[in-house]
There are 2 protein chains.
Amino acid sequence: MNKILIIEDDPAVSKGLEISLKNENYEPLIENDGEKGFQTALKIRPGLILLDIMLPNKNGFDICRDLRLSGHNFPIIMLSAKAEEADKVIGFELGADDYVTKPFSVKELMARIKAVLRRRSVIVSDFDKYEFDDVTLDFSKLEAKKGNKKIDMSLKEYEIMKYFISKEGLIVTRNDLLDEVWGYENFPTTRTVDNYILALRKKIETNHSRPKHLLTFHSAGYKFVK
Amino acid sequence: MNKILIIEDDPAVSKGLEISLKNENYEPLIENDGEKGFQTALKIRPGLILLDIMLPNKNGFDICRDLRLSGHNFPIIMLSAKAEEADKVIGFELGADDYVTKPFSVKELMARIKAVLRRRSVIVSDFDKYEFDDVTLDFSKLEAKKGNKKIDMSLKEYEIMKYFISKEGLIVTRNDLLDEVWGYENFPTTRTVDNYILALRKKIETNHSRPKHLLTFHSAGYKFVK
DNA sequence: TTCATTTTTGACAATTCTGTGACAATTCAA
DNA sequence: TTGAATTGTCACAGAATTGTCAAAAATGAA
């Protein structure tokens, strides 16, 4: 997931970036045409896009906006020769993650790439407070309460709850959870999931052996209901 | 530092905004009168102002202009029923940061608030004295006290405290700190952060091994509470 | 330059979290 | 109703993270 798509029509710039990125163990790919770049982005789903603004066929702003409109949220860093604030603002409003003006120092750009990727790797979806029954979860403060008693939950437990909540009312299989919460780095057994369910039930359910929110669906998975 | 002043005379709108903002962990405050809103802005120095245009006593354009004239640069997002481009231009020329036409989607407005605050977040943090428990920090004089004993703190320690304070109650990851306090020039390891935490705890906590203000959140980061 | 201070790193200890397997309980299907 | 499969439950080992200290490296002033 460290593919980086460079959409940039000046070979001097793109070649330089390619070399620097390879040095940092990313996998750079160059497109020098706006429309083709856009298509490639959709196809290869890069981990990050370095996006020039002035491009043949489709400019950077349009690419950024269209990617966002079509529901993709690849991290995007816009590159531009113009230092004007206006460009910057537009870039951010279209959903760019960062904005770098040429000429830029390679070191700085690398740092910004790292920063953007780091920020993204943490954030998942866009609610950070959620309530059901007598339970309150605050994901940005990592605070949880049942009634007026604080609940101690680990980060992984928050992540699991967040995933369940985002799928409220739907069956979530153990493999869904392993893929989405644990990711592709770790491969615990499906039993691990059951253990977390148990732990969560003890925390959020009034009677953990008669769950009302984290329900079992035999030989399918679990379902969270509000 | 996340107070948001809503100056809006339609309760249907302001109440709705209040609820949404609370959900996002902001602290909304409503004024329904132009002149009073203006005075309140001067008094409470909000982190951002949501400003309607049509208002009793003093309209939004005047409020915006007068705030800027009196040297304040709170981020301002203008709200208006009129979609006319003219309004837009005037709003920006008066120094508004963004402009949203009613009816607006709450999600969009929240996104714009975040975007404006992000753009501004580099500049703001305009407090230079802060107190909690028996600790006093003066960021412009670089003086600190616990009880009546002076504390020796390095500049970086002041910067870290300032960042924590600006995120009071929220989780701050080590990477947040590295991005925001250290910036893009230096890349110390995350262990460096822990060491600063230790040093700061020894200085500001009464019992550094039982911290009450700089709290650890395992596998997430730290949180400052007042 | 030297010296004092600040910043960073690395090592190790202490703590917390995760994952696993065993066994019990439950569910399903025939 | 019975047996196989699935899920509930628990306690423990070892992984991973954080606390802590001391020493090395960097910085800045005299």
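Residue numbers begin at 1 in each chain, while the letters A, B, ... track the order of the sequences.
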Exercise. Given C:dT18, is OP1 or OP2 found less than 4.0 Å from the side-chain N or O atoms of A:Ser154?
Worked result: yes
For this session: Taking only the side-chain nitrogens and oxygens of B:Tyr222, find out if one of them lies under 4.0 Å from OP1 or OP2 of D:dG19.
Result: yes
Problem set entry | Between C1' of C:dT18 and CD1 of A:Ile197, the distance in whole Å | 15 Å
Problem set entry | Value rounded to 0.5 Å, distance of CD in A:Glu8 from CD1 in A:Ile30 | 9.0 Å
Exercise. Does any N or O in the side chain of B:Asp133 come within less than 3.5 Å of the main-chain N or O of B:Val135, such that one atom is a donor and the other an acceptor?
Worked result: no
Exercise. Do side-chain atoms of B:Lys150 reach the backbone of B:Glu143 as a donor and acceptor pair under 3.5 angstrom?
Worked result: no
For this session: Using a 4.0 Å heavy-atom cut-off across all strands, classify B:Ala199 as base, sugar-phosphate, or nothing.
Result: nothing
Problem set entry | Side-chain N or O of A:Trp182 closer than 4.0 Å to phosphate OP1/OP2 of C:dG19 | yes
Exercise. Is there a donor-acceptor contact under 3.5 Å from the side chain of B:Glu157 to the main chain of B:Leu200?
Worked result: no
Problem set entry | Between C:dT15 (P) and A:Asp152 (CG): distance, integer Å | 16 Å
Exercise. Does C:dT16 have OP1 or OP2 sitting under 4.0 Å from an N or O in the side chain of A:Lys156?
Worked result: no
Problem set entry | Under-4.0 Å side-chain N/O to phosphate OP1/OP2 contact, B:Thr192 with C:dT9 | yes
Exercise. Can you check the A:Asp194 CG to C:dG21 P distance for me, whole Å?
Worked result: 14 Å
For this session: Could you check how far CZ of A:Phe217 sits from C1' of D:dG8, rounded to whole Å?
Result: 17 Å
Exercise. Say you draw a straight line from CG of A:Leu48 to CG of A:Leu21; how long is it, rounded to the nearest 0.5 Å?
Worked result: 9.0 Å
Exercise. In whole Å, what is the span from the CG atom of B:Leu214 to the P atom of D:dT20?
Worked result: 12 Å
For this session: To the nearest Å, give me how far apart CG (A:Leu155) and C1' (C:dT16) are.
Result: 13 Å
Exercise. Does B:Arg191 have a side-chain nitrogen or oxygen under 4.0 Å from the phosphate oxygens OP1 or OP2 of C:dT8?
Worked result: no
Problem set entry | Spacing of B:Leu215 atom CG relative to D:dG19 atom C1', expressed in whole Å | 15 Å
Seminar exercise, completed: The residue, B:His218 or B:Tyr196, whose nearest nucleotide of DNA chain C is more 5′ is B:Tyr196
Seminar exercise, completed: Whole-Å distance, B:Leu198 CG to C:dT9 P, equals 16 Å
Exercise. Any side-chain N or O of A:Ser219 less than 4.0 Å from the OP1 or OP2 oxygen of C:dT27?
Worked result: no
Exercise. Within less than 4.0 Å of OP1 or OP2 of D:dT20, is there a side-chain N or O belonging to B:His208?
Worked result: yes
Exercise. Does the base of C:dT9 carry an N or O that pairs as donor and acceptor with the side chain of B:Asn195 under 3.5 Å?
Worked result: yes
